[in-house]
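Below is one structure, written out as structure tokens; the observations come after it.
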Amino acid sequence: MTLSDGPAGVRGPRWDEREPSLNLPSGSALAASWDIDLAYRYGAAAASEARRKGVDVVLGPTINLHRSPLGGRHFECFSEDPELSADLAAAYVRGLQENGVAATPKHYVANDSETDRFTLDVQVDERALRELYLAPFERAVEAGAWAIMSAYNSVDGVTMTENDLLETPLNSEWGFDGVVISDWTAVRSLDAVTAAQDLAMPGPAPAWAGLVGAIRDGRLDEADLDRKVLRILLLAERVGALGDAAPAQPAPVDGPAFARTAAIEGSVLLANDGILPLDAAAIGSIAIIGQNARDARTQGGGSATVIPEHVTTPLAALRAAFPSAEVRFELGAIVQEGVAELPLEQTTNPVTGEPGLRVTFRDADGAELFAEDRRASDLVWFGGDAPVAAASTLVLETRYTAEETGEILLGFAGAHPARVFVDGEPVLDDRPVITGTDLGAAFLNPPSVTAAVPVTAGVAVDLRAEFAVGQDVGPLSGALSARLGIAPDDSDPDGLITRAVAAAAASDVAVVVVGTNSKVESEGYDRSDLDLPGRQDELVRAVAAVNPRTVVVVNAGSPVLLPWADEVGAVLQGYFGGQEFGSAVADVLTGAAEPGGRLPTTWPASLAEVPITDVTPDEGVLRYAEGLHIGYRAWLKAGAEPAFPFGHGLGYTTWSWGTAERVGDAVEVTLANTGERAGKQVVQVYAERADSAVERPERWLVGFAVVRAEAGRTVTATIPVPARHLAHWAGGWVVEPGAYTLRAGSSVADLPLSVEWTVTA
């Protein structure tokens, strides 16, 4: 069986641009759709992609909660709310597995931040563990998940691969009969054998080297081994890998079309003074500003990364969407940190003459061990045929042709020492300083070193980088990443803003695309603040000051501060929208599509008002002292008002909320589209329990539904509210009898309808 990372696209057995993958919107973007059917289709698209790449088991979805907006892997997860996360997780699992590919919801459990993730001990009370952090996994198991990934961290003093939580509630209460797969290197000892940990990855796992001997001498029970073998065989049978069985072949999916739809459905219109949608025919000139407009981030960093065949950027898509307008582009501010790969069209492989690089692995004597032709200068070897462990030197060679005369900051990124030559002359001999030992950070987002190199437009120069890969880099041994590229020129930041302001002042409309970079949102580390990198806030304010028709598109996978939100015409949150992010932005801004998203996480106006910012362990322990009160629950408890509340999102039509009534164990909500065009609304139902005998959130989500209606039409949403959604954990699930109030509306802060809901003993 082949396993592959796959929360936002299935990478496949090799990390290789020659075998590209469909890059879907990230987890937070999917969650912003609030659309169960879309989540199912997302899983089905991932299954189709998995089979195309020969993959049997997809390592996803990532269903940890947004406990704090500082969590580094926030973009990969769904939501701060367990009910929204659980429903989406279940649909994703069904979409994958009904097409014959195993899902692996991860990371079980309480892996909600990245700092010291290998060693931290999460201390969380049982009620919060059950009602919040375990809830999405429980629903995924109910949906039939064939695998679960255990986390690196400990919970209440025991590392998760040895934790009793793998047996209870996972197996004994929920009836899970699948395979528990460890996160990479998370199995630490033979104690994992008795703890229902089935598969140690990657193999062969040193921690289990003594397994056979321990069974033979009686220290471990052979029955524990039998159970693991049987579960792995059952997984093989399910995915069609056992004996002569053939794997299921999902129906083919138009990947780019689905990626575009998913990105639209997850785009959240945070604010709009009426400027949107833009009438393309009426606009004579448009300024498009921002590094993320040209170099869009379609995904976050880390193991979820895939290499798409093509990316549609906002700049390219907006040029196409305004064919008769004069388009002015300006960078405005630098977002990127470190070297970015060389543009493919400016490189020539010296051996083949085609765009790309020649890559050679050499032994200690300089003899060639292996060579390949690549189409990228940002390379990762994690699987595949290259002799990473045997090589002493990695050589990258290409011919680079600059488009402009001037000076470039040529350099490399990696965990190894390297030398860089231009036309045979050395320009760089250095070793990046690696901080920490986290694979996700040091391997996938390594530090850079650069040197200033003069170039002439149209004149090719020979580039050669030699990486000393035979040197020991600790936990990075056995895998390899190397990048040859150019760092951005930030020598004139004032000039960048000045030119952007001039372009905006001369245009009918200004679209500013702001966002984060790979040093801000990635696996392996948490964020220290919620600010946009660089001088992007200053840029937006300067542009808005000269053009009141300024639209800001936010290209970030998790909340960022928008101190200028009231100064611009509109704000669209696009998340990490996958390879068709730019197309989705253009569709939404021009009104070709409705902005379909609603916030799956509360957005603050400042870091100081965020209720939970503690993501750093204290002497190895991270205490979830807030208990049940995370996300909007914590904001409600504090009586604080965020910049944008949970569930918030605008559309291009208006809605009239009619009635809410109880029909059996469901709430029926009637509402009408009172605008002039078709629209989407997400009907959200929250419960309240006055004078409860137990501690509760002031309000909690119990159900939701997507409705769509043509102009002038009335629709009814039927939202089941099972008793379990009103229950609390007290050694078992208990529904407190008495009166509850169920409120319905468009966000946790906008709930115009209510219905009384009585539970009898």
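Counting from 1, the numbers follow the sequence of the chain as shown.
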Are the side chains of L622 and S113 in touch, meaning some heavy atoms are under 4.5 Å apart? yes
Under 3.5 Å, is there a donor-acceptor pair between the K53 and S4 side chains? no
Given 3.5 Å as the limit, does a donor-acceptor pair link the side chain of D526 with the main chain of G72, or not? yes
Just by modelled atom types, is the W184 backbone N or O under 3.5 Å from a matching donor or acceptor in the Y152 side chain? yes
Ionic contact status for E372 with R14, cut-off 4.0 Å: no
Can you name the closest pair of heavy atoms from Y40 and E98 and give their distance? OH-OE1, 2.7 Å
Please find out if less than 6.0 Å separates the ring center of W381 from that of F370. no
Any side-chain to backbone donor/acceptor pair from E76 onto T62? Under 3.5 Å, distance only. no
Would I148 and W174 count as a side-chain contact (heavy atoms from CB on, under 4.5 Å) if you check the C-alpha gap in whole Å, the side-chain angles of each, and the deciding distance to 0.1 Å? CA-CA 13 Å; I148 291 283; W174 300 348; over 6 Å; no
Would a distance-only check, ignoring hydrogens and angles, find a side-chain to backbone donor-acceptor pair under 3.5 Å from Q299 to V306? yes
Between D183 and K106, is a side-chain contact (heavy atoms from CB on, under 4.5 Å) present by the stated rule, with each step listed? CA-CA 9 Å; D183 209 336; K106 61 185 186 182; over 6 Å; no
S48 side chain to A45 backbone, donor-acceptor under 3.5 Å: no
For S26 and R297, test the side chains for any donor-to-acceptor distance below 3.5 angstrom and give the result as yes or no. no
Flag the pair Q579 / P256 as yes when at least one side-chain heavy-atom distance between them is below 4.5 Å, and no otherwise. yes
Hydrogens and angles aside, do N23 and T298 bring a side-chain donor and acceptor to less than 3.5 Å of each other? yes
Interatomic distance, CG@L211 vs CZ@R216, rounded to 0.5 Å, equals 10.5 Å
Looking only at heavy atoms, the pair that brings T115 and L120 closest together is O-CD2, 3.1 Å
Let me see the working for T601 and S28 under side-chain contact (heavy atoms from CB on, under 4.5 Å), right down to the final yes or no. CA-CA 9 Å; T601 293; S28 55; over 6 Å; no
Q197/T161 under side chain to side chain donor-acceptor pair (under 3.5 Å): CA gap, chis, key distance, verdict: CA-CA 6 Å; Q197 176 68 53; T161 54; 5.0 Å; no
Please determine if D16 and R374 form a salt bridge, counting it only when a charged side-chain N lies under 4.0 Å from a carboxylate O. yes
Counting only heavy atoms not in E368, do more than 12 sit closer than 6.0 Å to its CD atom? yes
P720 and T718 have their tightest heavy-atom pair at CD-O, 3.6 Å
With heavy-atom distances below 4.5 Å as the criterion, would you say the side chains of F704 and D87 are in contact? yes
Please determine whether the number of non-hydrogen atoms from other residues, nucleotides or ligands lying under 6.0 Å from atom CG of N349 exceeds 12. yes
Looking only at heavy atoms, what is the nearest atom pair of G301 and F75, with distance? O-CZ, 3.4 Å
side-chain contact (heavy atoms from CB on, under 4.5 Å) evaluation trace for V179 with V57: CA-CA 11 Å; V179 174; V57 181; over 6 Å; no
Quick check: does any side chain N or O of E265 sit under 3.5 Å from a backbone N or O of L38, one acting as donor and the other as acceptor? no
Restricting to pairs with a member in residues 21-44, which pass salt bridge (Lys or Arg N to Asp or Glu O under 4.0 Å), not counting sequence neighbours? D35-R708
Do the side chains of W15 and T305 get nearer than 4.5 Å, heavy atoms only? yes
Close side-chain approach of R260 to I264, heavy-atom, < 4.5 Å: yes
Spatial distance of atom CE (M149) from atom CG (L3) [nearest 0.5 Å]: 8.0 Å
salt_bridge(R51, D56) N-O dist < 4.0 Å: yes
Any side-chain to backbone donor/acceptor pair from N171 onto A196? Under 3.5 Å, distance only. no
Would you give the length of the straight line joining atom CG of N163 to atom CG of D191, rounded to the nearest 0.5 angstrom? 12.0 Å
Do E83 and V702 make a side-chain contact, defined as non-hydrogen atoms from C-beta onward lying under 4.5 Å apart? no
A side-chain contact here means heavy atoms from C-beta on lying under 4.5 Å apart; do P136 and L65 qualify? yes
Is there a donor-acceptor pair under 3.5 Å between the side chain of S79 and the backbone N or O of S85? no
CG/D112 to CZ/R67 distance, rounded to the nearest 0.5 angstrom? 7.0 Å
With no hydrogens and no angle check, is any side-chain donor or acceptor of H74 less than 3.5 Å from a backbone partner on H66? no
V253 side chain near E49 side chain, heavy-atom distance below 4.5 Å: no
Using a 3.5 Å distance criterion without hydrogens, assess whether the side chain of D121 forms a donor-acceptor pair with backbone atoms of D156. yes
Nearest heavy-atom neighbours spanning A110 and N64: N-ND2, 4.1 Å
Heavy atoms of R483 and F467 approach each other most closely as O-CZ, 4.0 Å
Is the number of heavy atoms from other residues, nucleotides or ligands under 6.0 Å of R188 CZ greater than 12? yes
Between Y92 and Y42, what is the ring plane arrangement, given parallel below 30°, perpendicular above 60°, and tilted in between? tilted
Interatomic distance, NE2@H416 vs CG@L394, rounded to 0.5 Å, equals 9.0 Å
Using a strict 4.0 Å threshold on nitrogen-to-oxygen distance, state whether R375 and E354 make a salt bridge. no
E523 with R117: basic N within carboxylate O range, under 4.0 Å: yes
Atom CD1 in I307, atom CG in L22: separation rounded to 0.5 Å? 14.0 Å
